[in-house]
Amino acid sequence: MASARHTRPKGTHHGRKAVAVTGGVVGGLLIAAGVVIAMNWPKASLSASYASLGKLTTSGVHEVILSVAGDANNKPIQVELKNGQLLPTKNLPTGVTTKVTVTLQRPTWIAWLAGKTQTLTLQSATPRAKLLDPVAIASSGQSVQSDFSNPVSVVSYSYRSTTRYLKLGKASTHVDIPGSSNTAAGSLKVAAAPDPWETLPAASNMVFFRQSGSTPEAVISPDLTSLAPKSTITMTFSQPVAKLFGGKLPTIDPVIQGANPVKGSWHEPTQYTLTFTPTTGDFWPSENFTLTTPVPIAVVSPTGALGVTGTTISMSGAPMPMLRLQQLLAQLNYLPVSFNSTSSVANTESAQLAAMQTPPQGTFAWRWTMPTQLTSLWSPGNSNVITNGAVMAFEDFNGLGYNNPLSNPLLWPTLINDVIAHKVDPHPYAWIQVQKALPETLNLWVNGSVVLTSPTNTGIAGLATTNGTFPIYLRFKQDYMSGTNPNGTHYHDLVHWINYFLGSEAVHGFVRASYGFPQSLGCVELPVSTAAVVYPQVHIGTLVTVLPS
């Protein structure tokens with residue numbers, strides 16, 4: 001029975017054990033291979049970076065970079081990869097939305113599993129930095145300190161039309177701006193960009209004071225001698241407004257009594273700053289104003305020096321925009337010329353005020369064929385007697401009466417209102433032409449035609465009527481004229497239909513035995529009946545031209 005017992009072949013158990021060991025080795029190798037593959041698996045990421053449009057980070061087996069692309073505000077831009085940073089090839093503005101895309105090619109041994117390419121995309125915005133404090137206080141000779149909301153690497157600063165640039169070796173939120181030590185104060189235009197590949201943004205206004213004493217100082221803008229009608233006035237002080245004025249506010253008043261008061265409101269945008277904003281157009285051309293402060297201050301001059309300390313500051317509107325004045329007078333038929341504009345100006349106050357600063361392009365043309373004695377006096381854009389007469393006619397028609405027509409504070413607001421309302425001159429355009437050549441003759445022109453011709457008398461030798469062209473400035477139906485005759489006797493004569501054009505010289509009616517040669521004491525004399533015909537056809541501002549013999 002024992003010989004029939006089944007026995008295990010020799011070595012069988014040992015062989016199975018070898019198989020088991022071999023399987024374990026293979027498994028271990030597979031795990032090890034997996035670890036190696038995992039460790040070398042290509043890993044790439046695109047992350048935000050303050051120094052660039054994005055930072056590309058790779059690890060494991062390197063992938064091949066096929067392309068990099070970008071756009072700013074949805075417009076394509078060129079980008080390049082430098083030391084892992086994606087940078088634009090041309091400077092970009094601060095604060096624009098950007099997107100960068102990187103396409104990579106994976107190794108062939110994993111392409112079948114993960115795909116041949118990998119695309120990474122990052123959206124961000126180019127960094128920006130804001131000037132934190134619009135006022136800097138420093139001791140005499142010190143640099144002006146500027147602080148920004150984010151670190152900056154490029155700074156520009158402009159003072160009195162000169163611009164300089166600072167490139168920092170390391171970005172910083174604090175920048176010292178050098179300046180002339182003898183400049184007491186002034187206004188800087190400061191712009192800064194966080195990165196050197198960014199274009200500088202619009203400059204911010206910064207006022208600096210190099211305090212040298214206890215006197216409060218002020219920088220005022222814009223130029224107080226050239227204010228636009230609706231200029232906002234900004235006053236920046238070397239001390240906090242509340243400390244300086246104790247709750248009181250400056251006042252602005254027109255110099256001329258009877259002028260429209262200046263209406264507007266004061267605001268305190270920063271603790272060092274006050275602004276005045278007019279409610280309507282008030283600072284009219286050539287009009288003068290007085291700004292009064294609650295306490296004496298020293299106003300900084302345009303050169304950066306301190307002015308005289310006081311409580312009153314002189315202000316004035318911008319110089320007369322003569323071209324725009326002529327365009328509007330022509331539009332309302334106060335001139336013998338018309339104006340044809342190449343662009344229209346809306347009939348609104350804001351549009352008309354803007355046109356005062358930048359008159360529209362166009363051409364003037366004579367409304368009628370007139371003698372050269374009148375046409376030669378016309379000069380677009382320049383002050384001339386034709387324009388002065390038209391201004392006088394306009395002011396008289398609107399009841400503005402003032403001794404100096406171009407400085408009348410009511411001229412411009414009334415003119416703009418009339419333009420908006422299309423309130424044109426109701427008078428025909430008249431012109432008086434006096435010829436001293438014998439026989440002396442007066443011609444009355446109305447709307448380009450001679451409507452009356454009459455013999456006339458001008459002044460005798462020694463009291464000759466002045467040659468030239470002058471606007472009528474004063475009129476009476478009748479009045480007494482008094483003076484001294486050449487023989488030393490006095491006269492006190494009643495004269496009729498009087499039109500004064502230069503001092504005591506006038507076109508009027510006076511009884512003489514005859515007319516046509518020098519007989520007067522300086523006036524232009526007409527038969528009384530003829531003067532009565534002339535009088536209603538002329539008015540304040542009508543030009544009188546006296547031609548030499």
Query raised in the report: Tyr157 versus Pro178: any side-chain heavy-atom pair under 4.5 Å?
Result: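 Yes - at least one pair of side-chain heavy atoms lies under 4.5 Å apart.
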Requested in this report: State, yes or no, whether a side-chain contact exists between Asn467 and Lys436 at a heavy-atom distance under 4.5 Å.
Outcome: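 The answer is yes; the side chains approach within 4.5 Å.
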Can you tell me how far the [atom1] atom of [X] sits from the [atom2] atom of [Y], to the nearest 0.5 Å?
| X | Y | atom1 | atom2 | value |
| --- | --- | --- | --- | --- |
| Thr372 | Leu377 | OG1 | CG | 9.0 Å |
| Asn340 | Phe364 | CG | CZ | 9.5 Å |
| Asn447 | His427 | CG | NE2 | 12.0 Å |
| Phe289 | Ile252 | CZ | CD1 | 9.0 Å |
| Ile460 | Thr465 | CD1 | OG1 | 10.0 Å |
| Leu374 | Trp445 | CG | CH2 | 9.0 Å |

Query raised in the report: Stepwise, does the side chain to side chain contact (heavy atoms under 4.5 Å, CB included) test hold for Asn347 with Val419?
Result: CA-CA 7 Å; Asn347 269 354; Val419 168; 4.0 Å; yes
Is a side-chain donor or acceptor of [X] paired with a backbone partner of [Y] at a separation under 3.5 angstrom?
| X | Y | answer |
| --- | --- | --- |
| Asn288 | Ser314 | no |
| Thr342 | Gln361 | yes |
| Asn384 | Ser379 | yes |
| Ser231 | Ile233 | no |
| Ser316 | Ser286 | no |
| Ser549 | Ala437 | no |

**Report entry** Glu525: partners by salt bridge (Lys or Arg N to Asp or Glu O under 4.0 Å), with sequence neighbours left out
**Finding:** Arg512
Is it the case that [X] and [Y] place a side-chain donor and acceptor less than 3.5 Å from each other?
| X | Y | answer |
| --- | --- | --- |
| Thr387 | Gln326 | yes |
| Asn205 | Ser187 | yes |
| Glu505 | Thr466 | yes |
| Lys423 | Asn417 | no |

Query raised in the report: Is there a side chain to side chain contact (heavy atoms under 4.5 Å, CB included) between Asp418 and Phe394 once you walk through the steps?
Result: CA-CA 10 Å; Asp418 282 10; Phe394 171 81; 3.2 Å; yes
Could you pull out the closest heavy-atom pair between [X] and [Y], with the gap in Å?
| X | Y | value |
| --- | --- | --- |
| Met206 | Ala136 | CE-CB, 3.4 Å |
| Val241 | Thr273 | CG2-N, 3.7 Å |
| Pro250 | Leu291 | CB-CD2, 4.2 Å |
| Ala185 | Phe209 | CB-CD2, 3.6 Å |
| Glu287 | Pro254 | OE2-CB, 3.8 Å |
| Leu406 | Met320 | O-CE, 3.0 Å |

Sort out for me which residue in [options] forms a side chain to side chain contact (heavy atoms under 4.5 Å, CB included) with [X].
| X | options | value |
| --- | --- | --- |
| Phe501 | Leu543, Ile432, Val524 | Val524 |
| Val434 | Thr441, Thr545, Asn443, Thr458 | Thr458 |
| Arg475 | Ile540, Val507, Ile498 | Ile540 |

Query raised in the report: Should the ring pair Tyr334 and Phe397 be called parallel, tilted or perpendicular, given that the plane angle runs from 0 to 90° and is split at 30 and 60?
Result: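 Geometry flag for Phe397 against Tyr334: tilted rings.
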Query raised in the report: How are the rings of Phe476 and Tyr500 set relative to one another: parallel (under 30°), tilted (30 to 60°) or perpendicular (over 60°)?
Result: perpendicular
**Report entry** Within 45° cone and under 6.0 Å: Lys243 NZ/CZ vs Phe237 ring
**Finding:**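 Judged by the rule (NZ or CZ under 6.0 Å from the ring centre, within 45° of its axis), Lys243 is not positioned above Phe237.
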Requested in this report: Check step by step if side chain to side chain contact (heavy atoms under 4.5 Å, CB included) holds for Thr456 and Tyr515.
Outcome: CA-CA 5 Å; Thr456 190; Tyr515 301 86; 5.9 Å; no
Query - Stepwise side chain to side chain contact (heavy atoms under 4.5 Å, CB included) test for Val345 and Arg324 - result: CA-CA 12 Å; Val345 178; Arg324 186 56 183 162; 4.0 Å; yes
